[in-house]
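First up is the structure itself, then whatever we jot down about it.
Since the structure is predicted, the reported quantities are computational estimates derived from the model, not experimental observations.
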Amino acid sequence: MNRRRAAAIVASAALIAMGAAPAAQAKSWHGRHGAKPLGDAKRLVVIYEENHSFDNLYGGWGPVNGQHVIGRSDADAAHTTQVSQAGTPYSCLKQNDVNLDADVNASAALAPLPGCNPETVTFPTGSTTSYKSHFANSPFGIDAFIPPTATTCPVPTELFSHPNGVLNGAGLSGGCTRDLVHRFYQEQYQLNGGAQNRYVTGSDGVGLAMGYYETQQLPIYRYLHGAGAPHYVLADGFFQAAFGGSYLNHQFLVAAQPPLFPNSTRNAVLDASGNASAEPLYQPTRAVVDGAVTQKCGQPTTVTGRACGDWAVNTLQPGAAPFGAFGARQPLIDNGSRALTIGDRMSDAGVSWAWYAGGWDNAAGNVGGRGWTNGTGTPCTDPNALPNPKNPAINCADRSFQFHHQPFAYYSRYAPGTVGRAQHLKDEEDFLAAVRKGKLPRVSFVKPLGSENEHPGYASEPNGSNHLVELLTAITEGPKAKDTVVVVTYDEFGGQWDHVTPPGQGGKAGPADLFGPGSRIPALVVGRGLERSGVDHSTYDTTSIMATIEHQFRLAPVDHPDGIVPRDRLVADLGHAVAIGRGDDDHRGRQRDR
């Protein structure tokens with residue numbers, strides 16, 4: 001048996017062992033009712049934001065038309081109180097964001113609490129660490145310490161130069177925090193079998209993982225509750241499809257499965273707890289490697305219950321331009337003869353679609369495109385462009401452009417010079433032009449530029465939410481608004497706590513395997529064609545978007561390597577959420593999967 005097939009079979013067997021239904025038994029709105037999940041809507045737009053858990057961003061949403069939203073107020077102590085590596089609850093939360101850290105910031109607002117001046121934590125080895133803290137072991141409001149007006153955002157030339165954040169007064173406005181680790185094996189450690197109580201211990205951002213935003217002050221909330229706003233349905237049981245970060249979750253958005261990276265030398269090595277890195281409050285029990293590819297199977301260090309083989313799970317760069325410097329380059333995935341992505345399925349069936357990315361024209365060298373901002377000569381003239389004197393004409397990417405947020409660019413059908421790239425990979429400015437003209441394709445994926453996508457560390461949450469409102473306003477005021485359904489969601493949790501146990505964790509039912517799903521994330525269905533706002537408690541994950549497209553346009557599920565089962569054929573589509581908004585769900589006020 002070859003290595004590729006063996007690795008695939010390991011993943012498939014793990015999926016079946018965790019209780020996922022076979023494809024023929026998968027239930028969805030389409031499967032139960034024989035109806036198209038979007039009804040008579042002609043277009044679907046997916047806006048894919050960055051790095052927030054549900055409790056972090058939407059946990060204070062409050063009721064919608066009298067229907068309860070499962071938020072932070074529903075969290076019990078068992079799924080909230082964070083515990084140390086040894087399993088002992090902390091008295092206080094260690095912080096290392098410079099605007100929250102009492103050890104480096106003597107602000108009166110950060111005065112240590114009694115018993116936290118300092119707190120001492122003992123590791124299993126017997127060694128200790130101590131810290132001062134103003135923060136009790138519970139969720140806390142970020143806005144009280146880092147408000148939207150705080151000048152804590154990095155300048156464009158220093159986006160990734162401040163690992164612990166920018167001290168208030170030294171940066172740009174927007175209320176940025178530091179970034180937090182969000183990687184494949186680390187999140188599984190943080191979930192702790194569904195207890196949700198090791199987010200702090202498994203994080204390089206420690207206590208910031210328990211922070212949250214004042215939901216009802218967010219631009220998106222205020223927009224949806226303002227005069228003339230479209231109706232919406234909030235899905236409070238929506239989970240990121242894959243454990244970890246942006247790279248893998250973007251792959252699941254378009255392929256519902258992890259990519260293979262055969263013969264890689266970048267495999268992870270885990271300690272006995274299944275973790276892959278040392279953190280301020282975590283010491284590995286043996287030498288670890290925080291690799292981009294899953295741990296090898298059949299090794300003395302192989303941890304059972306964790307994915308193994310040749311699966312790419314953490315950030316890698318595309319094998320063809322444009323690509324960045326953060327992470328190794330992954331060979332192009334050959335999808336020439338197999339429909340491995342939802343884009344392939346749509347193209348083969350004649351369903352129009354496009355992936356619209358902020359900053360794409362600059363990054364891909366599409367000189368003269370709608371999104372091109374670098375003039376007609378060389379070098380790159382946009383002050384926010386990466387300096388690239390060797391070949392500036394084809395690489396004027398914005399400093400905040402994230403190459404690994406472009407999932408179709410990893411596949412051979414969409415390589416430079418192909419018809420697939422020219423037809424389907426476009427700039428966000430092309431999306432806005434198509435909206436204004438009423439010329440959107442049947443399916444649009446919209447990926448904002450890094451500085452506008454809400455990602456902690458290099459982007460402002462309120463500024464990114466403002467950009468989201470601008471996109472929604474353009475769509476819902478465009479000439480085809482009533483024929484368009486919009487799904488807004490986030491790629492992953494960004495390292496931030498959520499109290500709801502994901503499917504497959506702690507015995508919770510639902511489609512799951514060794515790749516996910518991970519933490520709960522925000523999700524909205526928005527549209528002028530909806531007749532009421534409401535809440536959907538159904539269980540979904542990111543691949544429910546693929547299932548919705550497949551069922552709406554009568555497409556087969558995507559192809560896959562031998563032995564693996566892509567999750568698009570196992571999850572529910574979003575038909576129930578749309579039906580709630582149209583007032584024709586079969587439960588009339590009752591909700592499923594509470």
Quick one, [X] and [Y] - any side-chain contact, counting heavy atoms below 4.5 Å?
{"X": "Tyr189", "Y": "Ser273", "value": "yes"}
{"X": "Gln186", "Y": "Asp290", "value": "yes"}
{"X": "Ile333", "Y": "Leu340", "value": "yes"}
{"X": "Tyr414", "Y": "Gln406", "value": "no"}
{"X": "Ile521", "Y": "Phe238", "value": "yes"}
{"X": "Thr152", "Y": "Thr177", "value": "no"}
{"X": "Pro318", "Y": "Leu332", "value": "no"}
{"X": "Leu191", "Y": "Asn197", "value": "no"}

Glu279 vs Leu281, side chain to side chain contact (heavy atoms under 4.5 Å, CB included): CA-CA, chis, key distance, verdict
CA-CA 5 Å; Glu279 305 298 351; Leu281 293 174; 6.0 Å; no
Using atom types as modelled and distance alone, determine if a side-chain donor or acceptor of [X] lies under 3.5 Å from a backbone N or O of [Y].
{"X": "Thr548", "Y": "Ser544", "answer": "yes"}
{"X": "His560", "Y": "Val558", "answer": "no"}
{"X": "Asp55", "Y": "Gly59", "answer": "no"}
{"X": "Gln196", "Y": "Val500", "answer": "yes"}
{"X": "Arg198", "Y": "Gly87", "answer": "no"}
{"X": "Asp310", "Y": "Ser264", "answer": "no"}
{"X": "Glu119", "Y": "Tyr90", "answer": "no"}
{"X": "Gln330", "Y": "Leu316", "answer": "no"}
{"X": "Thr215", "Y": "Leu57", "answer": "yes"}
{"X": "Tyr185", "Y": "Ala307", "answer": "yes"}

In sequence, state the C-alpha distance, the side-chain angles, and the governing distance for Gln190 and Phe493, and then conclude on side chain to side chain contact (heavy atoms under 4.5 Å, CB included).
CA-CA 12 Å; Gln190 291 174 302; Phe493 73 133; 3.6 Å; yes
So, for [X] and [Y], is the gap between ring centers shorter than 6.0 Å?
{"X": "His576", "Y": "His537", "value": "no"}
{"X": "Phe401", "Y": "Phe403", "value": "yes"}
{"X": "Tyr410", "Y": "Tyr247", "value": "yes"}
{"X": "Tyr58", "Y": "Tyr212", "value": "no"}
{"X": "Phe54", "Y": "His499", "value": "no"}

Restricting to non-hydrogen atoms, name the atom on [X] and the atom on [Y] that form the minimum distance, rounded to 0.1 Å.
{"X": "Ala512", "Y": "Pro503", "answer": "CB-O, 3.6 Å"}
{"X": "His68", "Y": "Asp236", "answer": "O-OD2, 4.2 Å"}
{"X": "Val293", "Y": "Gly309", "answer": "CG1-O, 4.0 Å"}
{"X": "Pro154", "Y": "His162", "answer": "CB-CD2, 4.2 Å"}
{"X": "Val303", "Y": "Asp271", "answer": "CG2-O, 3.3 Å"}
{"X": "Thr294", "Y": "Cys308", "answer": "OG1-C, 3.6 Å"}

Would you check if there is a donor-acceptor pair between the side chains of [Y] and [X] at a distance under 3.5 Å?
{"X": "Ser412", "Y": "Asn335", "answer": "yes"}
{"X": "Gln283", "Y": "Thr125", "answer": "yes"}
{"X": "Tyr48", "Y": "Asn249", "answer": "no"}
{"X": "His134", "Y": "Gln95", "answer": "no"}
{"X": "Thr201", "Y": "Ser84", "answer": "no"}

Cation-pi geometry met for Arg329 and Phe323 (6.0 Å, 45°)
yes
If you apply the rule side chain to side chain contact (heavy atoms under 4.5 Å, CB included), what do you find for Ile146 with Asp97, and how did you get there?
CA-CA 10 Å; Ile146 309 176; Asp97 184 300; 4.1 Å; yes
What pairs of residues pass the salt bridge (Lys or Arg N to Asp or Glu O under 4.0 Å) test when at least one of them lies in residues 243-254, not counting sequence neighbours?
none
Phe160 meets the ring pair (Phe, Tyr, Trp, His ring centres under 6.0 Å) criterion, sequence neighbours left out, with Tyr458
What orientation do Phe252 and Phe515 show, parallel under 30°, tilted 30 to 60°, or perpendicular over 60°?
tilted
Please verify the inter-ring angle class for His405 with His250; under 30° counts as parallel, over 60° as perpendicular, anything in between as tilted.
parallel
Run the numbers on His455 and His182 for ring pair (Phe, Tyr, Trp, His ring centres under 6.0 Å), then give the verdict.
CA-CA 12 Å; His455 194 299; His182 39 278; 5.5 Å; yes
Can you list the residues that meet the salt bridge (Lys or Arg N to Asp or Glu O under 4.0 Å) rule with Arg345, with sequence neighbours excluded?
Asp559
Stepwise side chain to side chain donor-acceptor pair (under 3.5 Å) check, Ser53 with Tyr199:
CA-CA 12 Å; Ser53 72; Tyr199 281 90; over 6 Å; no
Going by the side chain to side chain donor-acceptor pair (under 3.5 Å) test, name the single residue among [options] that passes it with [X].
{"X": "Arg567", "options": "Asp513, Thr542, Thr543", "value": "Asp513"}
{"X": "Ser519", "options": "Glu187, Gln240, Gln496", "value": "Glu187"}
{"X": "Lys447", "options": "Glu49, Glu50, Gln402", "value": "Glu50"}

Are Tyr221 and Trp61 close enough, and set up right, to give a ring pair (Phe, Tyr, Trp, His ring centres under 6.0 Å), and what steps lead you there?
CA-CA 8 Å; Tyr221 182 93; Trp61 196 278; 4.9 Å; yes
Decide, yes or no, whether a salt bridge links Glu492 with Arg183 under the criterion of side-chain N to carboxylate O below 4.0 Å.
no
State whether Arg338 and Asp344 are salt-bridged, where the test is any N-O pair (Lys NZ or Arg NE/NH1/NH2 against Asp/Glu carboxylate O) under 4.0 Å.
no
Between the CG atom in Leu260 and the CG atom in Asn263, the distance rounded to the nearest 0.5 Å is 10.5 Å
Quick one: pull up OG in Ser130 and NZ in Lys132 and give me the separation to the nearest 0.5 Å.
11.0 Å
Derivation and outcome, side chain to side chain contact (heavy atoms under 4.5 Å, CB included), residues Asn275 and Leu270:
CA-CA 5 Å; Asn275 210 347; Leu270 313 180; over 6 Å; no
